Amino acid sequence: MSTGASIATPGGTGWQPRVAAMGPVLLVIGWELAARLLTDAHVLAAPSAILLYLYENAGLMSRALGVTLTNAAVGFVLGNTAAIALAALVAIWPASERTVRGFALLIFCLPLVATGPILRVIFGPGPWPQIVLAALAVYYTTFVPLLVGLRALPSNWLDLVSSYGRGRLAALVHVRARAAIPYLVAGLQISAPAAFLGAMVGEFTGAERGMGVLTIRAMRGMNVEMTWALALVATAVSVGWYVAIGAVAKRFLEDEPPVILAAPNSETSGGGWRRTVVQLVFVSLMVLIAWWGFLKVLGLNPFFAKGPLDVIQAVTTASDAATNRDTLLTALAETSVYLVPGYIAGLTVGAMLAMLVVMVPMIAGTALPVAIALRSVPIITTAPLIVLLLGRGAAGTIVLVAVMVFFPTFVACLHGLKQAPGRITDVFDVFAAGPLQKLVRIRIPAMLPALFAAAKINVPASVLAVTVVEWLATGNGLGSVMALSASLSDYDMLWSAVALVAILSVLGYGAVGLLERRVLGIYAPEQLK
Amino acid sequence: MSVPVTCTAASKTYPGGLTAVSPVNISLAPGATTALVGPSGCGKSTLLRMIAGLEEPSTGTITIDGLPPSEISRRGDLSIAFQDPSLLPWRSVRKNIELALDLARRPKVTQDIDELIQLVGLDGFADTKPAELSGGMRQRAAIARALATKPALLLLDEPFGAVDELTRQQLAEDLPAIWEAGDTTTLLVTHSVSEAVMLSDRILVLSPRPATIAADIKIDLPRPRRSEFARLPEFSAHVDEVFAFLSQGVPGSRAKAAQ
Ligand SMILES: Nc1ncnc2c1ncn2[C@@H]1O[C@H](COP(=O)(O)OP(=O)(O)OP(=O)(O)O)[C@@H](O)[C@H]1O
Ligand SMILES: [Mg+2]
């Protein structure tokens, strides 16, 4: 960072780099002071206290870290392998795209908090629930960039393959696969913290060892140092993992990994409303069949393995259907109260801050790399901290959701803003347009697609955030219903909650997509190809 | 082995409704070299891509050796060099050439590849990535890639577009030997009339878009051709003839400017 600043001001006085280096030092000092002043509040642990805790409990922490890291790594490999396989399938067989993407999105929308307990009863006490959750947390964020990457190539390269009479498989093997590697790296980088987070959430659901188990213990025992230490370690490991992937990629690739969050427009898209509806119905049917088949094939005990029919009965014809519906709707209302403001605040602040940053060229240069690196912070693992800081009320939950939404939005918007075509900005320079005018006329339209991409991917992410906090701390809303029904073995309710959340997330994602088409159609039609 | 090519009332209208090629009848004799010349945007590349089987003709049919182009492609007997070199940036010149051999399921003979690289004047650059080559060098690498499979039908889209005049002459003198030796049917698009005369047995002059065949000129200069031929009176006569047809239907100034 300091080198970036010194490059930005050649021949400058040299105070900038020194300030940049001083920043973190001042931060730590301020933190230490604040913590010492607030010792009675039991919210902030001083850096010295955290270090002391880590030193004294090095054995415990490193054992827990080892367990979680192993699970995360296995999940990372499995989830990313699945992502690569899915993307390859779409590349070889484009007709499958809509179905594969629909499935992938739906599975991504499963609330990890409830999937965890279900996996727990399926797999028992071992590491597999954590591993599967880690895999579930990562595959989508790799799948989406890969889809983009497998297509981001000149059509002549593909024509070359066809001119030798070879098909899609050869195109994949000889051309697309290599062309997609920078995109794969981008996906893998984002999935590193996600894997760690997935593993920790899995451990919340009754594992015996690991960072997640310690986190729960720290929260229950109101152990401030331990909570902070765990969050710090989780963050440091995730950032390290993220940076390591980038460093390895840099050694082997000339090209920088791209910053992409957007799902590509479907190659087979178009065909209007009717076709979309038909496809939606088709994918939904496939999902129901897959759900039912999954339970049948595994031969799971119907006591805890509920199929689509059980869930429908539980909220329609069962004797307790009315209570079930009530519980779910009440919880849904409670959750929305946190979710919607947090989501909107995160998007707004992310977009606004990105706009502010590009208007101040001095920080614009360093802001993007820093923001990209910040994406590697597993926000959920800091949930206990935010609860410590802001309490178990609405504020804490809303802030957490907002923070969760903020980072990807900020990065995407900043990236989008920087994409404003240079030529056009030059033309505006000639007419001496001010930075504000440039922002309104060129940059915001250029930012919109990125903003919407972030808004879409943040629907499931914010649901994850809100349910985790409800589950760990606040004790109401859908997260708590899931936790409660898991501990009471009310599997009808648990599966119903999973289905409800997944459906609503997918609908939310779709609604943002529709809004995107509307808005882009008006403000940036050229982005809609 | 060489193959005849037949286009029967083949035309191309792009999905947007733009007609690039009106129905044309073309038949290319096996082993002959034919040049396509015509104003920019008239549909030359489109015609080439249809013959390569990369675009379906909107009407009419195209056969190569009596078969649809896809059959010839499948045998690995067809090569096309695109207007832009389209080299894979992560592969060196040699690896790009090997890719063609892999795709065509031909054996990779190191010595043959080396010879080819030398022939296009890239010796010393076999292991260089495209990004470190000049535009003209990239084009030569793409030509080498197209030639590597010893195709029965060779389609070249402005193969010497970004090459300087001297290298261009050199290539025009050296390369035909390769496809003539292999008895290859060759169709090349070029913007240089004298190059068309120098290289080909026959020149098809295309009209402005939508392309129709404005003239079909036989070039009966002896082979092998040498650069001194350019000073022969027959040569200039052919050049003038092609220009005369090119300027029909095109604003006169343009044809003159091209001269
Ligand atoms: N994929 C496509 N979709 C729609 N129109 C196209 C497509 N490819 C080419 N065209 C149009 O077809 C016409 C002919 O294009 P083509 O590339 O065949 O010209 P050309 O003769 O090769 O030109 P040049 O000498 O400049 O290379 C042009 O007007 C072009 O805009
Ligand atoms: Mg062309």
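Please read all numbers here as calculations on a predicted model, not as lab measurements. We name chains A, B, ... by the order of the sequence lines, and we start the count at 1 in each one.
- The contact list for residues 82-91 of chain A toward chain B, using heavy atoms and a distance under 4.5 Å, is empty.
- Of the listed residues (B:Gln83, B:Arg105, B:Arg74), the one with the most heavy-atom contacts under 4.5 Å to chain A is B:Arg105.
- Expressed to the nearest 0.5 Å, how far CG of B:Leu54 lies from OG of A:Ser155 amounts to 9.5 Å.
- Within residues 85-103 of chain B, the residues having any heavy atom less than 4.5 Å from a heavy atom of chain A are, in residue-number order, B:Ser86, B:Leu87, B:Leu88, B:Pro89, B:Trp90, B:Arg91, B:Leu99, B:Ala100, B:Asp102, B:Leu103.
- Of the listed residues A:Ala179, A:Pro154, A:Gly167, the one with more heavy-atom pairs under 4.5 angstrom with chain B than any other is A:Ala179.
- Within a 6.0 Å radius of CZ in A:Phe282, no more than 12 heavy atoms belonging to other residues, nucleotides or ligands are found.
- Annotation for B:Ser73 and A:Ser162: closest pair CB-O, 3.9 Å, computed over non-hydrogen atoms.
- Ranked by heavy-atom pairs shorter than 4.5 Å toward chain B, the options A:Val173, A:Val175, A:Leu153, A:Leu158 are led by A:Val175.
- For residues 21-33 of chain B, a heavy-atom distance under 4.5 Å to chain A picks out no residue at all.
- Note that CZ of B:Arg145 and CG of A:Leu160 are 4.5 Å apart. Values are rounded to the nearest 0.5 Å.
- Note: A:Tyr164 OH to B:Thr149 OG1 = 4.0 Å, rounded to the nearest 0.5 Å.
- Within residues 126-134 of chain B, the residues having any heavy atom under 4.5 Å from a heavy atom of chain A are, by residue number, B:Lys129.
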